[in-house]
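Below is one structure, written out as structure tokens, with a few remarks after it.
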Amino acid sequence: MFKEENVPLDYWRFIRLGRAKKILEDFEGAIQEYTKAIITSKKLSNAFFHRGNIYSILGNHHLAIKDYKEALKKSNTYFAKSYILEKIQKQYLDKFNKLEN
């Protein structure tokens with residue numbers, strides 16, 4: 001099992017920077033920070049999940065779903081599953097509704 005204390009501090013720094021950039025609506029900057037976190041530690045789900053949210057905001061549903069799936073592989077809890085699957089379903093419905101109009 002992967003223990004949180006083994007995670008480099010830079011991982012959490014990149015996560016915080018990504019969240020700050022999201023708040024400032026610097027979405028490309030947020031993606032860069034979350035990608036740095038992923039490079040720092042590929043074993044945790046947080047960065048994949050947050051980056052997926054940014055891709056979703058930008059309408060890049062394919063990449064959002066790819067990151068959500070990766071987050072599910074890393075954190076296979078009931079909460080993670082239900083939340084991510086709900087987001088994926090919403091993205092597909094939004095995409096379908098746009099095609100319909």
Side-chain angles (χ1 to χ4, degrees):
M1 174 123 182
F2 188 71
K3 295 184 179 179
E4 193 169 299
E5 63 262 12
N6 295 334
V7 179
L9 289 177
D10 282 346
Y11 178 85
W12 299 113
R13 182 171 60 92
F14 294 136
I15 294 291
R16 287 191 304 275
L17 287 169
R19 287 181 181 166
K21 289 185 179 190
K22 177 186 176 193
I23 290 168
L24 296 172
E25 297 184 4
D26 176 6
F27 300 123
E28 292 301 324
I31 288 170
Q32 290 173 4
E33 297 301 331
Y34 294 135
T35 301
K36 290 177 191 175
I38 290 167
I39 291 167
T40 303
S41 179
K42 293 181 168 71
K43 296 180 181 183
L44 297 176
S45 65
N46 306 63
F48 287 103
F49 175 76
H50 291 302
R51 191 175 69 176
N53 286 340
I54 301 299
Y55 284 137
S56 178
I57 289 168
L58 295 174
N60 196 334
H61 301 299
H62 175 73
L63 289 176
I65 290 169
K66 183 178 174 183
D67 274 357
Y68 291 148
K69 286 180 180 179
E70 194 62 35
L72 279 173
K73 290 179 190 175
K74 312 289 183 212
S75 178
N76 200 5
T77 65
Y78 175 77
F79 174 76
K81 281 182 185 177
S82 62
Y83 188 82
I84 291 170
L85 291 175
E86 180 182 316
K87 288 197 69 80
I88 289 172
Q89 180 183 21
K90 182 185 180 312
Q91 288 174 358
Y92 275 122
L93 286 174
D94 288 348
K95 196 173 185 180
F96 178 76
N97 288 334
K98 286 178 185 176
L99 290 174
E100 213 173 45
N101 293 329

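Side chains included, hydrogens not; waters and symmetry mates left out as well; all remaining heavy atoms used.
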Quick one: list whatever passes side chain to side chain contact (heavy atoms under 4.5 Å, CB included) with Leu58, sequence neighbours left out. Phe27, Glu28, Ile31, Ile54
Remaining members of hydrophobic cluster (4.5 Å side-chain criterion), Phe48: Ile38
Residues Ala47 and Ala37: closest non-hydrogen pair is CB-CB, 3.7 Å
Using side-chain heavy atoms (C-beta onward) and a distance below 4.5 Å, is Leu44 in contact with Trp12? yes
With sequence neighbours left out, write down each residue that passes side chain to side chain contact (heavy atoms under 4.5 Å, CB included) with Thr40, or none if nothing qualifies. Pro8, Asp10, Tyr11, Phe14
More than 12 foreign heavy atoms under 6.0 Å from CG of Leu9: is that the case here? no
Strictly by modelled atom types, are Asn53 and Tyr68 linked by a side-chain donor-acceptor pair under 3.5 Å? yes
Under the salt bridge (Lys or Arg N to Asp or Glu O under 4.0 Å) rule, what pairs show up with a residue in residues 32-42, not counting sequence neighbours? Lys21-Glu33, Glu33-Lys36
Output for pair (Asp67 CG, Ser56 OG), nearest 0.5 Å, gives 11.0 Å
Using the test side-chain hydrogen bond (donor to acceptor under 3.5 Å, both in side chains), find all partners of Arg19 that sit at least two apart in sequence or belong to another chain. His50
Residues passing the salt bridge (charged side-chain N to carboxylate O under 4.0 Å, His left out) test with Lys22, sequence neighbours excluded, are none
Do the side chains of Ile15 and Ile57 join up, straight or via other hydrophobic residues, at under 4.5 Å, putting them in one cluster? yes
Once salt bridge (Lys or Arg N to Asp or Glu O under 4.0 Å) is applied, what residue pairs with a partner in residues 54-64 remain, sequence neighbours excluded? none
Output the distance between atom OG (Ser45) and atom NZ (Lys73), rounded to the nearest 0.5 Å. 13.0 Å
Phe49 side, atom CZ; Glu70 side, atom CD - distance, nearest 0.5 Å: 14.5 Å
